[in-house]
Amino acid sequence: MFKRDLDLEKKWSKLLIGLENAVGKKPKDLNGVLFLIGVQELGKGPHSFSKEQKQDLMHIAICKVLSYAGFYELDFVDQEGWPHWKLVKELPHIDLLEQEKLLKLQVLEYFEKEYQIEI
């Protein structure tokens, strides 16, 4: 494992512990963190979501975190308060492991910029 990957995993573990302290439950994986970001970005607080809404929340989160790298920008917010994003820069063609690394890096940036959390 490269030092950069090791540093990423250390920061990721630190973030998961911080989220556990904040919400009372440690997210199991990247998808759990993305779900939390989606709920936060929707801004309606925690409540029951359908399976489709949970997928939509994860999509919101992915778009939000990738917006820091210039891939997406907010297009509009619909009447029900759901944000809609548009792709503004083509995503790189990378394997699943590299996709996960990219998302983790962008999630870390999200928490650093949105919540001034030094990770």
Side-chain angles (χ1 to χ4, degrees):
M1 186 179 273
F2 294 108
K3 181 182 180 328
R4 183 181 63 192
D5 294 341
L6 196 56
D7 289 345
L8 173 59
E9 288 308 313
K10 285 180 183 177
K11 287 182 173 186
W12 186 254
S13 293
K14 188 176 175 183
L15 174 65
L16 294 180
I17 291 167
L19 288 173
E20 180 179 22
N21 292 335
V23 298
K25 185 178 179 186
K26 185 176 178 181
K28 194 166 54 170
D29 56 16
L30 175 60
N31 288 334
V33 176
L34 290 171
F35 176 75
L36 289 174
I37 292 171
V39 170
Q40 184 65 30
E41 289 302 309
L42 181 61
K44 296 185 179 210
H47 67 275
S48 296
F49 295 101
S50 70
K51 184 177 179 178
E52 184 179 322
Q53 287 175 321
K54 288 177 183 178
Q55 290 173 331
D56 291 343
L57 288 167
M58 290 182 65
H59 177 72
I60 289 169
I62 289 168
C63 292
K64 175 65 178 185
V65 300
L66 290 178
S67 72
Y68 290 109
F71 292 109
Y72 286 91
E73 66 181 35
L74 184 61
D75 194 17
F76 66 96
V77 177
D78 68 21
Q79 290 178 329
E80 295 175 2
W82 287 77
H84 294 264
W85 296 81
K86 66 179 178 181
L87 183 66
V88 293
K89 182 170 85 173
E90 200 63 36
L91 292 164
H93 296 283
I94 52 179
D95 65 32
L96 284 175
L97 188 60
E98 290 299 313
Q99 287 177 27
E100 184 172 316
K101 284 183 200 176
L102 174 63
L103 283 171
K104 283 182 176 181
L105 285 168
Q106 295 308 129
V107 165
L108 291 168
E109 185 173 351
Y110 169 83
F111 282 100
E112 288 170 350
K113 287 189 174 175
E114 293 291 324
Y115 299 99
Q116 292 74 44
I117 295 173
E118 197 65 33
I119 302 172

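All values reported here derive from a predicted model rather than from experimental measurement.
When the side chains of ILVMFWY residues are joined at heavy-atom separations under 4.5 Å, either directly or via intervening members, Val88 and Val77 end up in two distinct hydrophobic clusters. Trp12 and Ile17 fall into different hydrophobic clusters, defined by Ile, Leu, Val, Met, Phe, Trp and Tyr side-chain heavy atoms under 4.5 Å apart, directly or through other members.
For Asp7, the salt bridge (charged side-chain N to carboxylate O under 4.0 Å, His left out) test picks out Lys3, with sequence neighbours left out. For the side chain to side chain contact (heavy atoms under 4.5 Å, CB included) test, residues two or more places apart in sequence or in another chain that qualify with Ala69 are Phe71, Gln106. When the side chain to side chain donor-acceptor pair (under 3.5 Å) test is applied to Lys113, the partners found at least two apart in sequence or on another chain are Glu109. Take His59 and apply the ring-ring contact (aromatic ring centres under 6.0 Å, His included) test, not counting sequence neighbours, and it matches no residue. For Tyr72, there are no side chain to side chain donor-acceptor pair (under 3.5 Å) partners two or more places apart in sequence or in a different chain. Here Glu20 pairs with nothing under the salt bridge (charged side-chain N to carboxylate O under 4.0 Å, His left out) rule; sequence neighbours left out.
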Please tabulate, for side-chain N and O atoms in residues 43-53, each donor-acceptor pair with protein atoms closer than 3.5 Å (sequence neighbours left out).
residue: Lys44; atom: NZ; partner: Glu80; partner atom: O; Å: 2.4
residue: His47; atom: ND1; partner: Gly45; partner atom: O; Å: 3.4
residue: Ser50; atom: OG; partner: Gln53; partner atom: N; Å: 3.1
residue: Gln53; atom: OE1; partner: Ser50; partner atom: N; Å: 2.9

For residues 23-38, run the donor-acceptor check on the side chains, cut-off 3.5 Å, and write out each pair with its distance to 0.1 Å, sequence neighbours left out.
residue: Asp29; atom: OD1; partner: Asn31; partner atom: N; Å: 3.1
residue: Asp29; atom: OD1; partner: Gly32; partner atom: N; Å: 3.0

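Checking Gln40 against Tyr110 by side-chain atom types alone, no donor-acceptor pair falls below 3.5 Å. For the residue pair Glu114 / Tyr68, a side-chain donor-acceptor distance below 3.5 Å is found, with atom types taken as modelled.
Under the 4.5 Å side-chain criterion, counting only non-hydrogen atoms from C-beta, Trp85 is not in contact with Ile62. You'll find the side chain of Leu42 reaches within 4.5 Å of the side chain of Pro83, heavy atoms only. Counting only heavy atoms from C-beta outward, the side chains of Ser67 and Lys64 approach each other to under 4.5 Å.
Under the salt bridge (charged side-chain N to carboxylate O under 4.0 Å, His left out) criterion, the residue pairs touching residues 89-102 are Asp5-Lys101, Glu98-Lys101, Glu100-Lys104, with sequence neighbours excluded.
Of the inter-residue distances, the one linking Ile117 atom CD1 with Glu112 atom CD reads 9.0 Å to the nearest 0.5 angstrom. Residue Cys63 holds its SG atom at 12.5 Å from NZ of Lys86, rounded to the nearest 0.5 Å.
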Do Val65 and Leu105 pass the side-chain contact (heavy atoms from CB on, under 4.5 Å) test, and can you show the C-alpha distance, the side-chain angles, and the key distance before you say yes or no?
CA-CA 9 Å; Val65 300; Leu105 285 168; over 6 Å; no
